[in-house]
Amino acid sequence: MKLPLDFYIKNNVVKIAKDLLGKVLYTNLDGVITGGLIVETEAYSWKEKGCHAYNNRKTNRNAIMFERGGYSYVYLCYGMHYLFNVVTNVEGVADAVLVRALEPLSGEQEMLLRRGKISNKLHLTSGPGKLSKALGIDRTLNGKSLLDNEIWIEDIGRKIAPKNVVIGPRIGIDYAGEDALLPWRFSIRGNPWVSK
DNA sequence: GCAATGATTTACT
DNA sequence: GTAAATCATTGCC
């Protein structure tokens with residue numbers, strides 16, 4: 001039930017971001033499998049200032065975004081947090097979806113171990129930096145294919161009704177000016193794991 | 001070569 | 001509510 005390449009190479013990154021809600025992100029590191037339901041995403045495109053590849057600016061860091069869809073883009077933010085993105089669209093077009101929050105499904109014990117002692121279980125994966133740590137995602141996973149067996153996304157047949165999808169502006173990109181207001185953030189209504 | 005800074009989290013006041 | 005932690009990447013010198 002792994003998502004096929006077709007899913008990633010579509011040219012509508014906003015639609016893909018919405019479709020990723022209810023899918024499941026897995027990692028398999030050193031034989032340990034952890035995974036969680038995607039409950040919050042954001043779309044990024046080279047056409048707007050919030051994106052690292054704005055105006056087709058290609059650097060060593062974001063080069064993977066210019067590849068065909070279906071790759072992971074992992075990078076370090078604020079010196080201490082890894083953020084996980086899904087590269088979409090065809091080669092040469094830099095679009096990506098940031099996964100902002102998960103609901104833990106499998107390997108919960110391992111996630112707790114990686115995150116250390118935390119006050120509230122709800123803080124386990126309710127944010128982009130947190131979910132990366134819980135799943136063991138770091139820069140060594142940058143550029144991995146999501147069709148491979150280290151990190152991938154599955155469709156477990158869960159459908160999210162349109163009325164249960166919350167749409168709003170993206171978070172933490174005030175510097176992007178008017179583009180920060182684009183309604184490109186999607187989350188599952190009422191899910192306690194969605195970041196605040 | 002070097003200084004500025006961010007798609008965040010956490011712990012304080 | 002505000003601020004500190006912390007470093008790879010970036011863009012300019």
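Chain letters run A, B, ... following the sequence lines, proteins first, then strands; residues in each count from 1.
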Peer 1: Between atom OH in Tyr75(A) and atom P in dT5(B), what is the gap in whole Å?
Peer 2: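 Rounded to whole Å, this separation is 16 Å.
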
Peer 1: For Met65(A) and Ala96(A), work out which heavy atoms get closest and say how close.
Peer 2: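 Looking at all heavy atoms of both residues, the closest pair is CE-CB, 3.7 Å.
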
Peer 1: Start with the C-alpha distance between Asn12(A) and Lys18(A), add both sets of side-chain angles, then the distance that settles side-chain hydrogen bond (donor to acceptor under 3.5 Å, both in side chains), and finish with yes or no.
Peer 2: CA-CA 10 Å; Asn12(A) 188 340; Lys18(A) 200 183 332 181; over 6 Å; no

Peer 1: Per the ring-ring contact (aromatic ring centres under 6.0 Å, His included) rule, which among Tyr75(A), Phe66(A), Tyr44(A) passes with His52(A)?
Peer 2: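 The residue from Tyr75(A), Phe66(A), Tyr44(A) that satisfies ring-ring contact (aromatic ring centres under 6.0 Å, His included) with His52(A) turns out to be Tyr75(A).
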
Peer 1: Can you give me the closest heavy-atom contact between Leu20(A) and Val97(A), atom names plus distance?
Peer 2: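 Nearest heavy atoms, Leu20(A) then Val97(A): CD1-CG1, 3.8 Å.
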
Peer 1: Can you give me the dot-bracket string for DNA chain C, 5' to 3', counting Watson-Crick and G-U wobble pairs with both distances under 3.5 Å, using [ ] for crossing pairs and | for partners on another strand?
Peer 2: |||||.||||||.

Peer 1: Just to be sure I understand the geometry, which residues of residues 89-106 of chain A put a non-hydrogen atom under 4.0 Å away from DNA chain B?
Peer 2: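 Hits under 4.0 Å, by residue number: Leu98(A), Arg100(A).
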
Peer 1: Which whole-number value in Å describes the distance from Tyr82(A) OH to dG6(B) C1'?
Peer 2: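 After rounding, the gap between these two atoms is 15 Å.
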
Peer 1: Heavy atom of residues 170-186 of chain A under 4.0 Å from DNA chain B: which residues?
Peer 2: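 Going residue by residue through residues 170-186 of chain A, the ones with a heavy atom under 4.0 Å of DNA chain B turn out to be Gly172(A), Ile173(A), Tyr175(A).
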
Peer 1: If you count the non-hydrogen atoms of other residues, nucleotides and ligands that lie under 6.0 Å from CZ in Arg158(A), is the total more than 12?
Peer 2: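 Not more than 12 within 6.0 Å, no.
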
Peer 1: Please identify which of these residues, Gln109(A), Glu108(A), Arg114(A), meets the side chain to side chain donor-acceptor pair (under 3.5 Å) condition with Thr34(A).
Peer 2: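 Exactly one candidate clears the test, Arg114(A).
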
Peer 1: If we only count heavy atoms from C-beta on, is the Thr27(A) to Ile137(A) side-chain gap below 4.5 Å?
Peer 2: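 Contact flag for Thr27(A)/Ile137(A) side chains = yes.
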
Peer 1: Roughly how many Å is it from CG in Asn85(A) to C1' in dT8(B), rounded to a whole number?
Peer 2: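 Distance, rounded to whole Å: 14 Å.
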
Peer 1: When the distance from CG of Leu131(A) to P of dA7(B) is rounded to whole Å, what number comes out?
Peer 2: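 Taking CG of Leu131(A) and P of dA7(B), I get 16 Å after rounding.
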
Peer 1: Could you tell me which residues satisfy side-chain contact (heavy atoms from CB on, under 4.5 Å) with Ser106(A), sequence neighbours excluded, listed by chain and number?
Peer 2: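 For Ser106(A) the side-chain contact (heavy atoms from CB on, under 4.5 Å) partners, ignoring immediate neighbours, are Tyr26(A).
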
Peer 1: Which letter, B, S or -, goes with each nucleotide of nucleotides 2-13 of chain C from 5' to 3', with contact meaning a protein heavy atom under 4.0 Å?
Peer 2: ---BBBSSSS--

Peer 1: I need the CZ-P distance between Phe84(A) and dT9(B), as an integer number of Å.
Peer 2: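 About 16 Å, once rounded to whole Å.
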
Peer 1: Please tabulate, for the side chains in residues 77-85 of chain A, all donor-acceptor contacts under 3.5 angstrom to protein atoms that are two or more places apart in sequence or on a different chain.
Peer 2:
| from | atom 1 | to | atom 2 | distance (Å) |
| --- | --- | --- | --- | --- |
| Asn85(A) | ND2 | Tyr73(A) | O | 3.1 |

Peer 1: In terms of heavy-atom contacts, does NZ of Lys10(A) have more than 12 from other residues, nucleotides or ligands at under 6.0 Å?
Peer 2: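 Enclosed.
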
Peer 1: Under a 4.0 Å threshold between the charged nitrogen and the carboxylate oxygen, would Glu150(A) count as salt-bridged to Lys144(A)?
Peer 2: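 The answer is yes: the pair qualifies as a salt bridge.
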
Peer 1: Strictly distance-based, threshold 3.5 Å: is any side-chain N or O of Arg170(A) a donor or acceptor partner for the main-chain N or O of Ala43(A)?
Peer 2: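 Yes, because the side chain of Arg170(A) sits within donor-acceptor range (under 3.5 Å) of the backbone of Ala43(A).
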
Peer 1: Would one find more than 12 heavy atoms of other residues, nucleotides or ligands at under 6.0 Å from atom NZ of Lys133(A)?
Peer 2: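 Not buried by this count: 12 neighbours or fewer within 6.0 Å.
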
Peer 1: Whole Å only: how far is the NZ atom of Lys130(A) from the P atom of dA7(B)?
Peer 2: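 Between P of dA7(B) and NZ of Lys130(A): 18 Å.
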
Peer 1: At under 4.0 Å, does any side-chain N or O of His123(A) touch on OP1 or OP2 of dT9(B)?
Peer 2: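 For dT9(B), neither OP1 nor OP2 has a side-chain N or O of His123(A) closer than 4.0 Å.
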
